[in-house]
Amino acid sequence: MTYNIAIDGPAGAGKSTIARRVARSLGYIYVDTGAMYRAMALHILHQGIDPKDADAVAQACGSAEIDIRYEGGEQQIILNGENVTGELRREEVGNTASQTSVYGCVRRKLTQLQKELAARENVVMDGRDIGTSVLPDAQAKIYLTASSRTRAQRRFLELQQKGIEGNIDEIEADINERDYRDMHREISPLCQAADAHLVDSSDMAIDEVTDAILSICRGAGCC
Ligand code: DC
């Protein structure tokens with residue numbers, strides 16, 4: 001039997017930072033499913049396909065071989081034999097991923113990969129539909145959120161640290177648009193699973209959020 005922890009929530013809620021820390025504390029593997037959707041988006045961008053063109057996306061989906069492997073505990077995404085991990089965090093890739101993740105062909109392919117991983121290993125998996133659709137029997141489910149202003153502020157600071165000037169209102173508008181699309185798509189929209197614990201990190205430090213989630217996981221029998 002494997003232990004599975006599902007962490008879902010909107011863009012910029014801090015899921016990957018927290019999930020990585022929780023996984024390290026428990027000795028589990030961290031699975032970033034957003035990176036898989038981003039790899040598929042990158043494949044579609046490389047081919048110059050319009051994300052609104054459902055037939056072209058379906059065709060591209062068939063020619064994308066996505067694999068996941070770990071180097072020094074860090075997830076690497078291999079797209080058709082090439083390690084594309086370093087390219088996935090770009091804004092354009094994230095926005096395209098939000099658009100192309102609405103398609104059934106994309107979701108079926110990536111969901112299968114995610115379920116196979118979770119059946120083999122103890123995982124902390126983050127995404128949008130993990131508790132509701134990918135791992136409905138996960139031992140612990142967390143819905144991690146924060147206000148859109150807080151998430152925009154965090155993104156603004158992140159950009160500033162990289163020497164990039166951002167406009168906080170534009171960042172917040174982008175976040176709201178992405179939330180709307182992720183929450184209103186037809187297949188597996190982002191929502192809190194009925195049995196998920198809600199954690200609002202708006203006024204919490206990273207350590208506090210990590211401790212709160214670890215205590216939920218331990219309470220659910222994960223060790
Ligand atoms: O978490 P992220 O920003 O890396 O995700 C990028 C996009 O991928 C997100 O806007 C929606 C999609 N996604 C999804 O539909 N289901 C998941 N489990 C993870 C991400």
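By convention here, the first residue in the shown sequence is residue 1. Because only heavy atoms are used, hydrogens play no part in the values below, and waters and symmetry mates are left out as well, while side chains stay in. Whatever order the structure lists them in is the order used to number ligands and atoms, beginning at 1.
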Is a donor from one side chain sitting under 3.5 angstrom from an acceptor on the other, for Q114 and T33? no
Hey, does the side chain of [X] reach the backbone of [Y] with a donor-acceptor pair shorter than 3.5 angstrom?
X    : Y    : value
Q192 : A196 : yes
N122 : T2   : no
E208 : A205 : yes

Crowding at CD, E158 (>12 non-hydrogen neighbours, <6.0 Å): yes
For the side-chain contact (heavy atoms from CB on, under 4.5 Å) test, which of I5, N4, V124, I68 pairs with V31? I68
So which protein residues pack against ligand 1 under 4.0 Å, heavy atoms counted? T33, G34, Y37, R38, R89, A97, S98, S101, R107, G127, R128, D129, I130, R178, D182, R185
